[in-house]
Amino acid sequence: MKITLVATTALAGALALPAFAQTIGVSIPAATHGWAGALNYHAERTVERLEETYPDMDFVLTTTSDPGTQVSDLEDMVATRGIDALVVLPFESEPLTGPIQRIAESGTWVTVVDRGLAQDGIEDLYVAGDNMSFGQTAGQYFVDNLDSGAKLVVMRGIPSTVDNERVEGFEAALEGSDLEVLAMDHANWNRDNAFTLMQDYLSRFSEIDAVWAADDDQAVGALAAIEQAGRSGEMIVVGGAGMKEMVDRIRNGDETVPVNVTYPPSMISTAIEMTAVGASGAAPMTGEFIIASELITQDNAEDYYFEDSPY
Amino acid sequence: MTDPILSLSDVHKSFGPIEVLHGVNFALRPGEVHALIGENGAGKSTTMKILAGYLSQTDGEVIFEGNPIRFDHSDEAEDLGIIMIHQEFNLAEHLAVDQNIFLGRELKKGWRLDHGEMRRRSAELLQRLDCRVDPATQVNRISVPDKQMVEIAKALSRDARVLIMDEPTAVLTERETEVLFEQIERLREQGVAILYTSHKLSEVKRIADRVTVLRDGTMVRSGMVEEFSEHDMATAMVGRELSDLFPPKAEGGAETVLEVRNVSVPGMVENASLNLHRGEVLGIGGLVGSGRTELAEAIAGLRPRDGEVTVKGTALPPGDISAAVKAGLVYLTEDRKGAGLLLEKTLRENLTLPLLSEFGNPLINRRKEEAALSKAIEDFAIRAPDRGMAVGDLSGGNQQKLLLAKTLLSNPEIVIIDEPTRGIDIGTKQQIYQLIADLAAEGRSIIVISSEMPELIGLADRVVVMHSGEITGEVSGADVNEQRIVKLAMGMDAEPEGTAA
Amino acid sequence: MTDATAKKPAARRSSVNLQAIGPVVALIVLVLIGISLSDNFLSYANVTNVLARSAFIGIIAVGMTFVITAGGLDLSVGSMAAFVAGVMIIAMNAMTERMGVTLPVVLLGMLIALFSGFAAGMINGLLITRAGIEAFIVTLGTMGIYRSLITWLADGGTLSIGYQMGEFYRPVYYGGIAGISWPIIVFALVAIIGEIAMRHTAFGRHCAAIGSNEKVARYSSVAVLRVRLITYALLGLLVGLAVVMYVPRLGSASSATGLLWELEAIAAVIIGGTLLKGGFGRVWGTVVGVLILSLIGNILNLTDFVSPYLNGAIQGVVIILAVVLQRNTGPAR
C-alpha cells in the first residue's frame with residue numbers, strides 16, 4: 001500500500017513534464033470472480049483517468065479467460081497496435097513466459113503484474129501482491145488469537161501457484177503451534193462451492209473453532225452454511241482480499257468475522273501508472289514492487305472500505 | 001460341372017434359443033448365377049450373412065475351395081474375394097462416390113492419397129455400369145438406384161470371386177435392372193460366382209442359372225432354373241397353392257372425393273391435376289424420379305406446393321399434414337424405414353403415434369393403446385413373436401402391415417399408398433392387395449403409386465402416368481396395360497393437358 | 001421368423017433390465033461407500049444438504065431430459081441461470097426500494113425469474129426451430145451471451161440482494177414443511193410431473209419419436225417444430241424455477257454463478273440412461289444421475305479418501321462406470 005502511494009506521487013511529479021505520445025497495452029484476466037472483477041474495475045478507471053489527463057497517451061485494454069487467448073491478444077497488440085509498453089497479468093506463468101519474452105526482446109517495455117513469469121529478468125517492472133504473506137498473515141492471526149489445540153478447516157482456491165503459495169505461507173505460520181488443521185479442500189474461489197464444502201465440513205466435524213476461507217467469496221459461502229446449521233458463534237471465519245461486505249462486518253465488530261487480509265486489486269492501477277512513467281523515460285521505474293498483505297481489524301477497517309468499489 | 005467355390009454343409013444357426021436355419025446345404029459355383037428365394041423370414045439374409053462372414057454358423061460347415069473355413073469377421077471373407085452387397089446400403093453418406101468406392105482401400109501415391117487415380121477408376125467402373133453419376137458427388141445427393149450402382153461398382157473394384165447380392169433390384173427401375181443384369185452376365189462370364197435374392201420371380205427366371213428355395217429355415221427345393229416355372233417357385237416359397245394374386249378390381253362411384261388442381265412442387269412436379277372418386281383405386285405410374293412421390297407428398301401436406309387440393313369441397317392448406325389428416329386424407333410413405341416407422345420403438349408406440357390425442361389427454365391410456373394394437377395385429381395379420389419387441393426386428397412384410405395399420409388408424413376416407421409392397425414376399429403381397437381391395441369396397445378411395453407394372457395393372461381401374469414431373473396421360477378400363485403405361489412413362493405418348501377426368 | 005426377429009428380443013429384454021438398474025446400482029454402491037466411510041453420512045443434516053443442493057441441477061436436468069430425448073441439446077442453461085438470477089436480483093432490489101420488504105416483491109421477483117427463464121428458452125427454441133440453426137451452435141452462442149450479460153450487469157463483481165430482503169426471502173431455500181426443505185419438495189414435484197409427462201403423455205411420446213427419427217415423426221403428423229420449441233421453452237422455465245430456489249441461498253449472483261451447470265445437467269441425464277442422440281428418455285434416471293453426481297462430491301468432502309487434487313478424476317471414473325453399467329452388449333455399434 002505504501003509503495004502505491006510513493007509511485008502515485010512520483011507519477012504526479014513526472015507527468016508534469018511533457019510526455020511522449022505512446023501506446024500502452026494492458027492485458028488482464030476477465031472478471032470471472034470477485035477479485036478479478038475488482039481488478040477490471042481498477043484497470044478501467046485508471047485507463048480512463050490517464051487518457052483524460054494525457055490525450056497523447058493511448059491504451060489498449062483486453063481481458064481474457066484463458067492463457068491461449070491471452071497469447072493471441074498479446075500478439076495482436078504488438079502486430080496491429082504497435083504498443084510501446086505492455087502491462088500484463090499473466091493468466092498462467094509457464095505458457096506466457098515465451099510470448100512475453102519475445103515482446104520484451106523486441107524493445108517493448110514490459111510490466112508484469114502479480115503472477116511472476118517462469119524465468120527471471122524478462123520484465124522491466126514487476127508489481128505484485130505477496131501470496132506467501134497473504135497466507136502467513138492469516139495463519140499468524142490464528143496462532144496469536146486462538147486457544148491452544150483449536151481446530152481449523154481450510155478452504156483452498158483453484159489449484160494453482162497462487163493457491164499453493166498462500167497455503168504454504170499459512171502452514172509456515174502455523175508451524176510449531178498446536179493448532180490442528182482438520183481438513184483442507186478446494187472451493188475454487190466460488191461461493192456455491194464454498195457453501196457446499198462448508199455444509200459437508202459441518203456434517204463431518206462436530207467441533208470447529210476457525211475457518212480459513214482464504215478468499216472473501218468463499219467466506220460468504222461458508223458463513224451462509226454456518227448460519228444454516230445454526231452454529232454461528234462457535235467459530236470464526238477469516239477470508240481474504242478485503243471485500244466490501246467483509247470489511248463492513250469487521251468495521252461493525254462482527255464476532256464471526258474479526259479480521260481480513262488484504263490483497264489489493266488496485267495493484268493494477270499502480271502498475272499502469274508506473275509503466276506510463278517508466279516507459280516514457282520520465283523517471284526510473286524498473287525493479288520489483290511487492291505489496292505485502294496487511295491485516296484488517298476493527299481498528300483500521302475504515303481505511304479499507306471503498307463505498308463505490310464493486311468489490 | 002465345375003467344383004463349388006463356396007458352399008454350406010448342413011449349416012444350422014440359432015439366435016439364443018431359437019433356431020432359424022435347420023441344416024442348409026448349398027453350393028456356389030464359379031460362372032453361375034444362383035438365386036436364393038423365399039418369403040421374408042425364410043432365412044435368406046442369415047444364409048447370406050453366414051456365407052459372407054458377417055455371422056458364424058452354430059453347427060455345420062462353410063467350405064471354401066474344398067476346405068472348411070471359419071470367418072471371424074467379414075473382412076476375412078472380403079480378402080478371399082467374397083463380397084456382399086447389402087439391401088440397406090453400406091455407404092458413407094457424406095463422402096463422395098469415389099471416396100466410398102475406395103473406402104478402406106484408398107489408392108496412394110507415396111503417403112498421399114491419389115485422388116486423380118481413384119476418381120478416374122471410379123468413373124471407369126461407373127461407366128461400365130452405365131451409371132452417369134459424377135464420382136465427385138457426395139453420396140447423400142444421389143438417388144437410391146444410383147447408390148445401388150455405387151455399391152456394385154465398389155464390389156467390382158475389389159475383384160470379387162463370389163458376389164452376394166441381397167435384393168439388388170428392389171430399388172431399381174426396369175431399365176436400371178437391365179443394366180445390372182448385363183453386368184451380372186459379364187461377371188458370370190468372367191467366372192465369378194453370384195448369389196442373388198429377389199422377390200421378383202420373373203427376374204429370377206431371366207437371370208439365374210440355378211434356384212434354391214428356402215422356407216422357414218429349411219431348403220425346400222433346389223435345381224436348375226429350367227426346372228421351375230414362376231408358379232412353381234411361388235408355390236414352393238409359400239408352401240401352398242396360390243390363388244390369384246390380385247382380387248377383382250373395384251369400380252369407383254361417381255362422387256369426386258379428392259380434386260387436385262395445378263399442383264406444382266418446384267423442380268419436382270409441374271401443374272399436376274387429377275381427380276379421385278369414391279371407392280376407386282387410382283394408380284399413379286411412372287419411372288422412379290418422375291415426381292410421383294413428390295406429388296403425393298404435396299397432396300398430403302408434407303411438402304410446400306402451389307395449386308389447390310380439395311377434399312370433398314374443402315380446400316387443404318399447403319404444407320399442413322395435420323389438416324390433411326383431419327380432412328380424412330392420409331399418405332403411406334414408400335420409405336418404410338426412414339419415414340414410416342420408428343425402428344427402435346415397440347409396435348404399440350409406432351401404431352398410435354399419429355393419433356396419440358385420441359388415446360387420452362393429458363395422460364395416455366395404455367390399455368386403450370394395447371387394445372388398438374391387439375386389433376391391428378388381428379386385422380392386419382401381423383406376425384410378431386413378442387408385442388414388446390422393437391419394430392426394426394420385424395420382417396419387412398410385417399413392418400409394412402404395421403405401417404398400414406398405423407396409417408389407417410385415423411379411419412381415413414382417402415388413402416395414398418406409395419409402393420405398397422416394396423421388398424415384401426409374395427404371400428404378404430397378396431394379403432396387402434386383398435386389403436387394398438377391401439378398403440375400396442368399404443367406400444374408401446385409394447391412390448396406389450407403384451414401380452411394379454403388374455401391381456398397377458392388377459390393382460387399379462384407372463392409372464395416371466407421370467413423366468419428369470408432369471402428368472403425361474391417363475388410361476382406364478381395358479386400356480390399363482403395360483404397353484400404354486410404359487409409353488406414357490417414357491414421355492412418348494403425351495396427350496394434351498386436361499385428360500384427367 | 002427372420003433372423004432378426006428371432007435374435008434380438010431375447011437380448012433386448014435382458015439389456016432393458018440391466019439398463020434400468022445400472023444407475024440405481026451405482027447410486028446404491030455410492031451410498032454404501034458413504035455409510036462405510038463416514039458416520040455422519042446418513043445424518044439428517046447431511047441427507048437434507050445433499051438433496052437440497054441437488055435441486056438446482058436436478059430441476060434443470062429434468063428439463064434437459066426432454067430436450068435431449070427430442071434430439072436436442074442446451075449448453076446455455078448454466079449461463080442462463082446466472083443471468084436470470086442477476087435479472088431477478090436487480091428487479092427485486094429496485095422493487096424493494098419502492099414497495100419495501102414485502103411479500104408481493106418476492107412473488108413478483110419469482111414471476112420475473114420464471115418469465116425471464118421462459119423467454120430465454122423461447123429464444124433458444126425459436127433460433128433452433130425457426131431459423132434452423134444447430135442446437136449446439138445456438139446454445140453455445142447464448143451461453144457466451146448470458147455469461148457476458150451477467151458479468152456486465154454485475155460490473156464484473158457480484159450482485160447481491162438487499163440484506164433485509166435477503167433475510168425475508170431466505171426461507172424459500174432454508175425453510176420447508178415437516179422438516180423437508182422447499183428445494184427438495186420442488187425438485188421432487190418437478191421430477192414426478194416430468195416422469196409422468198415423459199411416460200404417459202403425448203408430449204413425452206412425441207419427444208421420443210422426434211429424437212428417434214424426425215422424419216417419421218413428421219410423416220406421422222407430429223408437430224415436430226412445435227414440440228421442439230416447447231422442450232426448450234420448458235427447460236428455460238425450469239431454469240427460472242431453479243433460480244427461484246437458488247437466489248435465497250446466498251442472495252447473490254455473479255459471473256461464477258451456474259458455472260458448468262450445463263455439463264452437470266447433461267451428464268446427469270446421460271448417466272440416467274437417456275440417449276445422448278435422442279429417442280429415449282428417462283426422467284427418474286436423470287434424478288438418480290443428479291444424486292450420483294452430488295453424492296460423489298459429498299463423499300469426497302466428508303472423507304480424506306483421496307488427495308483433493310484427484311476429485312475430478314474420481315468424478316470422471318464414477319460417471320463412466322455408471323454409464324458402462326448400462327451397456328451389457330460391449331462397444332456400441
Side-chain angles (χ1 to χ4, degrees), chain B residues 13-21 40-43 45-46 49 55 216 297 300-302 321-322 324-325 330-331 333 335 337-345 349-350 352-357 359-364 366 383-386 388-390 392-396 398 406-407 410, chain C residues 1-17 19-20 69-71 192-227 230 273-275 277-281 329 332-333:
Chain B
K13 177 67 190 173
S14 305
F15 292 105
I18 303 159
E19 188 172 273
V20 294
L21 288 185
N40 283 333
S45 301
T46 311
K49 283 179 182 162
L55 292 174
D216 293 334
E297 290 185 351
L302 282 159
I321 178 178
S322 351
V325 173
V330 296
Y331 168 72
T333 174
D335 188 0
K337 293 179 176 178
L341 296 170
L342 298 170
L343 302 179
E344 308 101 81
K345 299 285 172 193
E349 287 162 298
N350 270 286
T352 59
L353 184 60
L355 214 63
L356 268 182
S357 51
F359 289 88
N361 205 358
L363 296 189
I364 299 169
R366 182 75 173 262
R383 286 197 298 167
D386 173 5
M389 72 194 288
D393 295 341
L394 286 174
S395 70
N398 284 309
K406 172 188 163 184
T407 313
S410 61
Chain C
M1 297 266 63
T2 5
D3 44 348
T5 29
K7 86 178 157 180
K8 286 205 181 139
R12 211 167 268 264
R13 222 169 297 139
S14 62
S15 80
V16 162
N17 287 336
Q19 262 193 9
T69 300
I192 290 168
I193 295 171
E195 174 68 16
I196 291 171
M198 181 64 88
R199 286 171 63 101
H200 299 295
T201 68
F203 172 66
R205 191 77 67 76
H206 285 168
C207 285
I210 293 168
S212 176
N213 185 330
E214 186 178 335
K215 200 169 174 193
V216 172
R218 197 164 69 84
Y219 275 60
S220 307
S221 70
V222 173
V224 174
L225 295 184
R226 202 177 66 207
V227 172
I230 292 173
T274 297
L275 295 176
K277 68 178 169 66
F280 176 75
T329 47
R333 270 170 299 161

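Note that these values count all heavy atoms, side chains included, but never hydrogens, waters or copies made by symmetry. Every chain is numbered from 1 and lettered A, B, ... according to where its sequence line falls, protein lines coming before strand lines. Since the structure is predicted, the reported quantities are computational estimates derived from the model, not experimental observations.
- With rounding to the nearest 0.5 angstrom, the CD1 atom of B:Ile364 is 12.5 Å from the CD1 atom of C:Ile196.
- With a 4.5 Å cut-off on side-chain heavy atoms, B:Glu349 and B:Leu342 do not count as touching.
- Taken to the nearest 0.5 Å, the CG atom of B:Leu353 stands 9.0 Å off from the CD1 atom of C:Ile210.
- There is no contact between B:Ser410 and chain C, counting heavy-atom distances below 4.5 Å.
- Contacts between C:Ala208 and chain B at a heavy-atom distance below 4.5 Å involve backbone atoms as well as side-chain atoms.
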For this session: For side chain to side chain contact (heavy atoms under 4.5 Å, CB included), just list the numbers for B:Thr333 and C:Lys215, CA-CA rounded to whole Å, side-chain angles, deciding distance to a tenth of an Å, and then say yes or no.
Result: CA-CA 11 Å; B:Thr333 174; C:Lys215 200 169 174 193; over 6 Å; no
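- Of the listed residues (B:Arg366, B:Glu297, B:Lys337), the one with the most heavy-atom contacts under 4.5 Å to chain C is B:Glu297.
- Proximity to chain C is limited to the side chain of B:Lys406, based on heavy atoms less than 4.5 angstrom apart.
- Each of B:Leu363, B:Leu302, B:Asp335 has some count of heavy-atom pairs under 4.5 Å with chain C, and the biggest count is that of B:Leu302.
- B:Lys13 NZ to B:Leu21 CG: the interatomic distance, rounded to the nearest 0.5 Å, is 9.0 Å.
- Contact of B:Phe359 with chain C is not made at all, since no heavy-atom distance falls under 4.5 Å.
- Taking C:Arg199, C:Arg218, C:Glu214 one by one and counting their heavy-atom pairs under 4.5 Å with chain B, the maximum is reached by C:Arg218.
- For the set B:Pro362, B:Ala300, B:Ala324, the count of heavy-atom pairs under 4.5 angstrom toward chain C peaks at B:Pro362.
- Interface residue B:Leu341: only backbone heavy atoms are found under 4.5 Å from chain C.
- For a residue to count as touching a neighbouring chain, one of its non-hydrogen atoms must lie under 4.5 Å from one of that chain's; by this rule B:Asn361 does not touch chain C.
- If you take CZ on C:Arg205 and CE on C:Met198, they are separated by 12.0 Å, rounding to the nearest 0.5 Å.
- Note that CG of C:Asn213 and NZ of B:Lys345 are 11.5 Å apart. Values are rounded to the nearest 0.5 Å.
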